[in-house]
Amino acid sequence: MENVVIIDCGSQFTQLIARRVRELKAHSTVLPWDVSVERVQKQNPAALIISGGPESVNDPDAIVLAEGLWELDVPILGICYGMQLMARTLGGQVVSGERPEYGLTEVHRKGSSRLLEGFPEEGEVLMSHRDRVAQVPDGFRVTAETAHGVVAAMEDDAGRRFGLQFHPALAETGQDLLLSRFLFDICGCKGDWKLDGWVSTAVEKIRAKVGPGRVVCGLSGGVDSSVAAALVHKAIGSQLECIFVDHGLMRMNEARHVLDSYAGLGLSVRHVDASELFLSRLAGVTDPEKKRRIVGQLFIEVFDAEAAKIGSVDWLLQGTIYPDVIESGSKKGSALVKSHHNVGGLPEHMKLKLLEPLRDLFKDEVRELGRLIGVPDAIVNRQPFPGPGLAVRCLGEITRERLDTLRAADAIFREELTRAGLYDKIWQSFCVLLPVRTVGVMEEGRTYSEVLALRAVNSQDAMTAEWVPLPSSLLEVTAKRICSEVPGINRVVLDVTSKPPATIEWE
Ligand code: XMP
């Protein structure tokens, strides 16, 4: 299989580049910046892409790549930091702080270029740099410049090393053309990576790995764990046993729908109704992190107890996907914003081996795989839903009554979005019940009830998100219906904050 190796120097666009490469039907693998040359060679790369990064190559402790990497007999494309690193390592010069450029910037081509051949002489690209290449290495030439004389693109005379100061993976820059030129015309990639071929190999691999062993899986209704279970079921059938821990924090009728879908897939699922337990442990807790910890820990306890009833089990199936692998592999360290508790944290004493058949796939590919193997649309297209469920959408104290209020309002919002044909077009939409009471007036007189917030965001990967401007007619009817149909709410507000500065969930 041809492979495009992307070395991650810390850019937030690394995953986006890796995804774009796969969309072009070439397989991509992201490796951390400190990877050894041997490990890169093992991937048998057809192309190497060095990502951008937040640092300056002139910092004394800046990221540098393993020495022999630049000598590999494979075309290399350096992007932003990747280009500057290429320039500096191969004998050029990079200066810091002079002529920084941000946003859409005019560039023009200079002389002949293998990479830019056929592209317009002038155009706009998205720049974001403080440092710039002041002198290209011997054997290189500048192939595009900005109006300020900043090197926008460079390449070597052998036509094997290329640098771009701008982000080729952003929509505004016509990314697919530049990337596909690099991959197909320069690196000779064929673009024949296909998911259906992947499925039969994955099924064989799972069979060989598991042998006669038994596998247990925690299902949450989410896309990843559901597709993982469907795939493993395809491979080993009844050797797979699933557990659905119902924490009582799902949306209206959600547990029922999810279980019906699993039954339709032929999965054997143990349904544990642990809602009483979860709600009693959450009683009186208002701190968001405490709520998350309680749900996460309790989930593992309940899952563990149920798994013990199955008897001897050898493997724990998890729906880990590629972004989880990349994120835990190459970060230099980031601040904790919230602890995301996901289904199926491994209880140490269970001594189970981990089965993670989706480790190599991006979310879009998991969805495509799900469709290929017959997972119902309701699950494949399900909006992301946090592990702690409505616990982090019911701000303040969690009681059964407040949860029911939130569920009823959320169902109305969903109904109206669906009626307007918007529900499936939006990344995430939901309601948040606030522990704030305001005065209102209804037919029967004064009310003093809680406030409900509507949230709708679009996102690519949940790292950033933009609030969605919903039609005012939809907002009006939603607010009217919620206030008249849901006791306990007399005011509806709209969250118009993107991420950053806010997060998607309120807690
Ligand atoms: P935030 O609120 O951090 O959320 O912007 C980013 C995305 O992650 C989802 N989310 C979670 N998913 N377990 C999960 O599996 C969690 O604990 C969790 N918390 C938030 C959130 O819905 C959004 O899609």
Side-chain angles (χ1 to χ4, degrees), residues 12 15 217-229 244-251 254 258 278 282 285 287-300 303 317-328 331 334-346 356 358 362-364 366-367 379-395 398 406 410 413-414 417 423-434 453-468 495-507:
Q12 52 177 323
Q15 280 198 37
C217 171
L219 287 177
S220 62
V223 183
D224 305 340
S225 60
S226 305
V227 174
F244 177 79
V245 176
D246 185 352
H247 49 26
L249 301 162
M250 303 283 272
R251 287 163 292 192
E254 195 170 22
V258 163
F278 276 83
L282 285 166
V285 179
D287 177 66
E289 275 303 292
K290 208 165 168 197
K291 284 181 186 175
R292 284 174 169 276
R293 270 198 305 278
I294 290 172
V295 176
Q297 281 163 8
L298 209 48
F299 186 91
I300 291 173
F303 179 81
L317 170 62
Q318 282 195 315
T320 314
I321 65 169
Y322 202 36
D324 308 329
V325 179
I326 303 175
E327 272 175 32
S328 50
K331 287 248 168 75
S334 59
L336 173 80
V337 179
K338 326 178 170 174
S339 42
H340 281 201
H341 291 294
N342 282 322
V343 170
L346 181 66
E356 296 176 311
L358 310 181
F362 282 106
K363 192 89 180 180
D364 309 348
V366 172
R367 291 210 165 97
I379 290 190
V380 170
N381 299 333
R382 190 176 186 249
Q383 290 187 356
F385 188 64
L390 299 184
V392 292
R393 293 179 180 173
C394 188
L395 274 51
I398 298 170
L406 174 57
D410 196 75
F413 188 30
R414 181 181 179 144
L417 283 164
Y423 188 77
D424 291 332
K425 297 201 176 98
I426 293 174
W427 165 273
Q428 229 172 334
S429 53
F430 54 90
C431 294
V432 185
L433 186 62
L434 311 185
L454 306 179
R455 179 107 171 111
V457 294
N458 273 333
S459 174
Q460 281 264 334
D461 50 15
M463 303 290 281
T464 60
E466 292 84 47
W467 70 276
V468 178
D495 183 351
V496 293
T497 330
S498 291
K499 173 184 181 175
T503 51
I504 296 177
E505 305 290 345
W506 278 40
E507 287 192 335

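Remember, it's 1-based here, ligands and their atoms both numbered in the order they're listed. All values reported here derive from a predicted model rather than from experimental measurement.
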J.: Hey, is Glu254 close enough to Arg382 for a salt bridge, meaning N to O under 4.0 Å?
T.: yes

J.: Looking only at heavy atoms, which two atoms of Cys217 and Ser225 are closest? And how far apart?
T.: SG-O, 4.4 Å

J.: Give the numbers and elements of all ligand 1 atoms closer than 4.0 Å to a heavy atom of Pro384.
T.: 24 (O)

J.: Can you check whether Arg393 has an N/O within less than 3.5 Å of an N/O in ligand 1?
T.: no

J.: Would you mind running through ligand 1 and noting each atom that sits below 4.0 Å from a heavy atom of Ala462?
T.: 6 (C), 7 (C)

J.: Check each atom of ligand 1 against the heavy atoms of Gln428 and keep those under 4.0 Å away; list them by number with element.
T.: 21 (C), 22 (O), 23 (C), 24 (O)

J.: Mark the output for Met463 as yes if a heavy-atom distance to ligand 1 is under 4.0 Å, and as no if none is.
T.: no

J.: Can you name the atoms of ligand 1, numbered from 1 with element, that are less than 4.0 Å from a heavy atom of Arg292?
T.: 16 (C), 17 (O), 18 (C), 19 (N), 20 (C)

J.: Decide whether an N or O pair under 3.5 Å exists between Phe385 and ligand 1.
T.: no

J.: Which ligand 1 atoms, with their elements, are less than 4.0 angstrom from a heavy-atom of Thr503?
T.: 1 (P), 2 (O), 5 (O)

J.: Examine the side chains of Gln15 and Gln460 and answer whether a donor and an acceptor come within less than 3.5 Å of each other.
T.: no

J.: For the CZ atom of Phe303 and the CG atom of Leu219, what is their distance to the nearest 0.5 Å?
T.: 9.0 Å

J.: Could you state the interatomic distance from SG (Cys394) to NZ (Lys291), rounded to the nearest 0.5 Å?
T.: 6.0 Å

J.: List every atom of ligand 1 that sits less than 4.0 Å from any heavy atom of Pro388, numbering the atoms from 1 in the order shown and giving each element.
T.: 16 (C), 17 (O)

J.: For the residue pair Gln428 and Ser459, confirm or rule out a side-chain donor-acceptor distance under 3.5 Å.
T.: no

J.: Identify, by atom number and element, the atoms of ligand 1 in contact range of Lys499, meaning under 4.0 Å from any of its heavy atoms.
T.: 1 (P), 3 (O), 5 (O), 6 (C)

J.: Could you tell me the separation between the OG atom of Ser498 and the CD1 atom of Ile504, rounded to the nearest 0.5 Å?
T.: 10.0 Å

